[in-house]
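Below is one structure, written out as structure tokens; comments come after it.
Residue numbers begin at 1 in each chain, while the letters A, B, ... track the order of the sequences. Computed from heavy atoms alone, side chains included, the values below leave out hydrogens, waters and symmetry copies.
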There are 2 protein chains.
Amino acid sequence: MSPSEMGEVPASHGSSGPLGSSGASASLGAAGCSASAGSAASAGAGHHVARATMKDVAALSGVSLKTVSRVVNREAGVSPEVRERVERAVARLDYSHNVHASNLRRSSGRTGTVGALLQDISNSFSASLLRSLEDVARDQRTAVLASSLDEEPEREIALVRGLVARRVDGLVLMPATARQEYLLPELRAGLPTVFVDRLPRGVDADSVTVDNLAGSRHAVRHLVSHGHRRIVALGDLRTIQTAELRLQGYREEMQAAGLGDEILERADLRTPEAAEAAVRQLFRTGTGPRPTAIFAGRNDLAVGAVRALRALGLVHRVALVGFDDFPLADLLDPGLTVMRQNVGQIGSEVGRLLFARIDGDAAPPRRVVIEPTLIPRGSGEIPPHE
Amino acid sequence: MSPSEMGEVPASHGSSGPLGSSGASASLGAAGCSASAGSAASAGAGHHVARATMKDVAALSGVSLKTVSRVVNREAGVSPEVRERVERAVARLDYSHNVHASNLRRSSGRTGTVGALLQDISNSFSASLLRSLEDVARDQRTAVLASSLDEEPEREIALVRGLVARRVDGLVLMPATARQEYLLPELRAGLPTVFVDRLPRGVDADSVTVDNLAGSRHAVRHLVSHGHRRIVALGDLRTIQTAELRLQGYREEMQAAGLGDEILERADLRTPEAAEAAVRQLFRTGTGPRPTAIFAGRNDLAVGAVRALRALGLVHRVALVGFDDFPLADLLDPGLTVMRQNVGQIGSEVGRLLFARIDGDAAPPRRVVIEPTLIPRGSGEIPPHE
DNA sequence: ACCTGACATGACAACGTTGTCACACGACAG
DNA sequence: CTGTCGTGTGACAACGTTGTCATGTCAGGT
């Protein structure tokens with residue numbers, strides 16, 4: 001990681017005497033002394049002094065605008081004395097480069113910013129994804145604008161518009177919309193875009209997803225192999241692609257195991273509380289044969305299931321496998337068996353794809369699919385109890 | 001939440017016939033038809049068509065640049081026919097407003113972006129904080145640039161420089177540096193800045209922090225009140241303000257309880273693994289009288305402690321109180337007793353302060369201190385065992 | 001002395017937008 | 001018919017920067 005950002009200049013000097021002998025007529029009032037090491041210096045909470053521009057630096061150091069530009073951008077072909085003079089003025093005026101003006105004029109047109117629209121930045125999946133994307137971006141000297149969509153399609157559309165208006169260099173999208181035709185003009189205009197966790201619909205673009213179908217079949221097969229027949233599936237909103245796929249995997253595997261008659265789904269569960277309520281209702285005593293195992297299609301649905309089983313005293317009697325790993329799942333009692341998606345891998349794959357596109361890769365869209373792995377921790381290995 | 005972003009225009013129309021009768025000479029090649037609802041349309045992965053500008057829209061609709069600007073900004077004083085004509089051209093050309101050029105020229109100088117430099121976006125504390133900040137920001141039609149500092153001072157300085165160069169409207173900082181004099185020029189220039197979780201040093205600025213001293217004293221008092229005397233404290237890097245304060249609170253409370261001789265600290269623990277190792281070493285059998293309780297100064301140190309106690313079979317024999325709540329702490333066995341910081345409240349308080357400053361509030365810096373609350377869940381209420 | 005080339009520097013236009021001001025037009029009062 | 005006003009529209013400069021090209025200076029070769 002390279003610590004210096006673009007277009008900046010060394011720190012203050014010991015002697016801050018008058019600048020070079022050139023007769024530049026600079027009427028700037030900004031003081032030049034640096035703060036002493038004493039108690040907290042006040043920020044002078046009053047009128048805001050306008051920021052110094054290259055013009056100010058040029059006037060103070062007695063050179064032309066263009067020369068200041070050269071110094072600030074570390075271009076070659078400036079004599080050491082002039083460079084020194086300009087850098088002094090930069091430090092004295094606290095000049096800070098204006099990247100927006102710079103990018104406007106520059107030919108490359110890069111803004112050094114990418115946007116990431118995720119489901120909810122505060123949940124561990126989105127947060128970890130964002131973090132590994134950030135790490136890739138930092139290496140490319142790029143900042144990340146992050147927002148949560150909360151499964152609201154209109155918000156997605158409004159935010160994409162905002163990001164395009166900001167001329168981001170690229171876009172990472174975990175879509176909340178069912179179809180993304182609205183993105184066509186941007187894709188046509190060459191906006192590098194990578195879908196994550198959910199495939200694009202109605203448009204063609206790069207994507208990094210998990211094999212939800214195979215993963216959920218694997219999870220269900222695991223339960224079946226431990227002797228379970230009455231397995232209930234908990235799922236999120238069916239309109240969410242991944243949620244529906246995981247339920248589909250559950251059904252397919254049940255069919256394949258000859259358990260088609262036992263299929264029992266509770267879908268459209270939005271919150272841990274909803275999952276908890278559903279499980280409580282399912283395992284209420286006296287309602288005939290109860291399920292002996294649960295497949296939870298999302299991490300916080302698994303958490304809700306654990307809460308319910310805990311309350312019912314069934315944590316060690318009902319098997320449970322979740323989709324999505326999360327911190328501390330191993331510390332529960334019993335440890336929670338999950339299908340883990342390697343979030344770090346997903347995030348860095350997204351970053352690699354995105355920056356390859358930004359760097360001009362024009363190959364046809366790629367679909368990266370990552371296989372989730374089963375992490376047995378105890379809860380998924382409980383044998384059936386009637 | 002208002003769904004529409006600034007400066008945009010209605011969607012496409014049914015009939016896309018030729019534009020108004022004006023004889024504008026527009027030589028733009030962008031096709032106008034919208035995608036059909038069939039299978040995924042390709043993004044035409046080839047040469048990138050340059051984005052249409054207001055000039056293009058003006059040419060196509062046969063009006064002046066300024067009139068397009070008026071329409072796009074929804075200014076009054078444009079005849080309905082002209083407005084309609086311009087909007088048609090905007091839709092036809094997929095025109096997207098360039099906020100950078102706009103802000104450059106505009107007097108207000110706002111960029112509609114704030115920066116948030118936090119410890120680590122993937123940890124639950126930073127992530128939740130970011131999320132609640134984002135919610136406030138969205139109401140203000142502002143985007144958030146987020147980065148992780150990982151306690152690296154140079155990264156903080158480089159990223160702040162980058163954010164200033166981007167002319168963010170405000171800055172939220174969980175500093176990794178020991179002192180922040182480097183921020184003085186920005187503060188003097190009126191950059192709204194709110195420190196979070198840690199107080200500013202060497203500069204004066206708004207802050208939202210938790211009362212770490214009182215909180216850790218509370219935690220230790222809780223253990224003492226349950227009969228513990230040999231209480232060990234686990235702490236993060238002493239150079240981190242909050243870590244040192246929590247250790248200090250531990251020492252103060254131990255002194256106050258007449259347990260000065262029992263003070264036992266393990267500081268500078270950076271990771272859960274380090275905490276786990278420290279606890280394992282402390283509770284190794286045969287090393288004389290062992291502590292009967294643990295105070296963990298940060299959430300993942302508590303997690304490490306739980307791992308160690310679990311491995312040693314001591315989870316129900318050694319008391320444990322953590323600082324910082326986290327998801328699932330209630331589902332452990334026993335539930336983890338913690339001092340909870342209300343992260344949502346911290347985040348929205350930070351947002352309120354920040355946007356008040358952005359809106360021109362010039363009052364002296366405010367220091368908001370939030371009291372953490374004790375959440376007893378079992379682990380902190382275990383009586384001493386020899 | 002003259003020409004050549006390398007080097008340092010600056011003048012100017014341009015990026016895409018908006019603030020300011022001026023103009024053209026029709027309506028209306030005198 | 002003239003003068004005044006209100007309304008819609010456009011010309012132009014400006015925001016802060018960089019790409020292009022021209023100019024000035026000086027060293028070295030003939």
Side-chain angles (χ1 to χ4, degrees), chain A residues 6-8 20 22 24 50-86 90 93-112 164-167 189, chain B residues 6-9 20 22 24 28 50-86 90 93-112 164-167 189:
Chain A
M6 62 171 291
E8 289 295 341
S22 102
R51 278 220 161 268
T53 71
M54 280 197 177
K55 207 163 112 185
D56 302 322
V57 176
L60 184 54
S61 49
V63 299
S64 78
L65 253 180
K66 180 65 206 189
T67 297
V68 177
S69 170
R70 275 191 266 259
V71 172
V72 165
N73 288 298
R74 308 205 186 299
E75 284 174 28
V78 180
S79 71
E81 312 90 76
V82 170
R83 183 177 297 275
E84 164 76 4
R85 203 141 42 94
V86 171
V90 162
L93 296 175
D94 294 320
Y95 170 76
S96 154
H97 200 58
N98 184 331
V99 293
H100 297 132
S102 176
N103 289 330
L104 182 58
R105 183 58 178 87
R106 271 195 149 90
S107 35
S108 91
R110 288 220 192 149
T111 54
V164 171
R166 283 184 167 76
R167 296 296 187 267
Chain B
M6 62 171 289
E8 288 295 343
V9 179
S22 104
L28 293 158
R51 277 220 162 266
T53 69
M54 280 195 177
K55 207 163 112 185
D56 302 322
V57 176
L60 183 54
S61 49
V63 299
S64 77
L65 253 181
K66 179 64 206 187
T67 297
V68 177
S69 170
R70 276 190 265 259
V71 172
V72 165
N73 289 299
R74 309 204 186 299
E75 284 175 29
V78 180
S79 71
E81 312 90 75
V82 170
R83 181 177 299 274
E84 165 74 6
R85 203 139 44 90
V86 171
V90 162
L93 296 175
D94 294 321
Y95 170 76
S96 154
H97 200 58
N98 183 331
V99 293
H100 299 311
S102 176
N103 289 328
L104 182 58
R105 184 59 178 87
R106 271 195 149 90
S107 35
S108 91
R110 287 218 192 152
T111 55
V164 171
R166 282 184 167 76
R167 297 294 187 265

For [X] and [N], give me the distance from atom [atom1] to atom [atom2], rounded to whole Å.
{"X": "B/N103", "N": "D/dT17", "atom1": "CG", "atom2": "P", "value": "15 Å"}
{"X": "B/R106", "N": "C/dT20", "atom1": "CZ", "atom2": "P", "value": "13 Å"}
{"X": "B/M54", "N": "C/dC15", "atom1": "CE", "atom2": "C1'", "value": "14 Å"}
{"X": "B/R167", "N": "C/dT17", "atom1": "CZ", "atom2": "C1'", "value": "18 Å"}
{"X": "A/R51", "N": "D/dT17", "atom1": "CZ", "atom2": "P", "value": "11 Å"}
{"X": "B/H100", "N": "C/dC15", "atom1": "NE2", "atom2": "C1'", "value": "13 Å"}
{"X": "A/L104", "N": "D/dA14", "atom1": "CG", "atom2": "C1'", "value": "13 Å"}
{"X": "A/E75", "N": "D/dG19", "atom1": "CD", "atom2": "P", "value": "7 Å"}

Reported OG-to-CZ distance for the pair B/S79 and B/R85, which is rounded to 0.5 angstrom: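 It comes to 7.5 Å.
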Which value, rounded to the nearest 0.5 Å, describes the distance between A/L60 atom CG and A/L93 atom CG? 5.0 Å
Of all the choices, C/dT18, C/dG16, C/dT17, which nucleotide is nearest to the side chain of B/S69 once you look at every atom?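 Minimum distance to the B/S69 side chain belongs to C/dT18.
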Enter the inter-axis angle for the ends of the helix from C/dA1-D/dT30 to C/dG30-D/dC1 (five pairs per end, rounded to 10°).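 Rounded to the nearest 10 degrees, the bend comes out at 60°.
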Sorted by chain and residue number, the salt bridge (charged side-chain N to carboxylate O under 4.0 Å, His left out) partners of A/R167 (sequence neighbours excluded) come out as none
Exercise: identify the closest heavy-atom pair between [X] and [Y]:
{"X": "B/T53", "Y": "B/Y95", "result": "C-CE1, 3.6 Å"}
{"X": "A/H97", "Y": "A/N73", "result": "NE2-OD1, 4.2 Å"}
{"X": "A/S96", "Y": "A/R51", "result": "CB-NH1, 3.8 Å"}

My understanding is that only residues two or more places apart in sequence, or in another chain, count here; which of them pass side-chain hydrogen bond (donor to acceptor under 3.5 Å, both in side chains) with B/R83? none
Partner residues of B/R105 under the side chain to side chain contact (heavy atoms under 4.5 Å, CB included) criterion, sequence neighbours left out: none
With sequence neighbours excluded, residues passing side chain to side chain contact (heavy atoms under 4.5 Å, CB included) with A/R70: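 Side chain to side chain contact (heavy atoms under 4.5 Å, CB included) check on A/R70 returns A/K66, A/T67, A/E75, A/V78.
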With the sugar-phosphate defined as primed atoms, P, OP1 and OP2, and the base as all remaining atoms, what B/S/- string results for nucleotides 7-13 of chain D, 5' to 3', for protein heavy atoms under 4.0 Å? -SBBB-B
Taking only N and O in the side chain of B/N98, is any of them less than 4.0 Å away from OP1 or OP2 of C/dC15? no
Verify the contact: side-chain N or O of B/H97 to OP1 or OP2 of C/dT18, cut-off strictly under 4.0 Å; return yes or no. yes
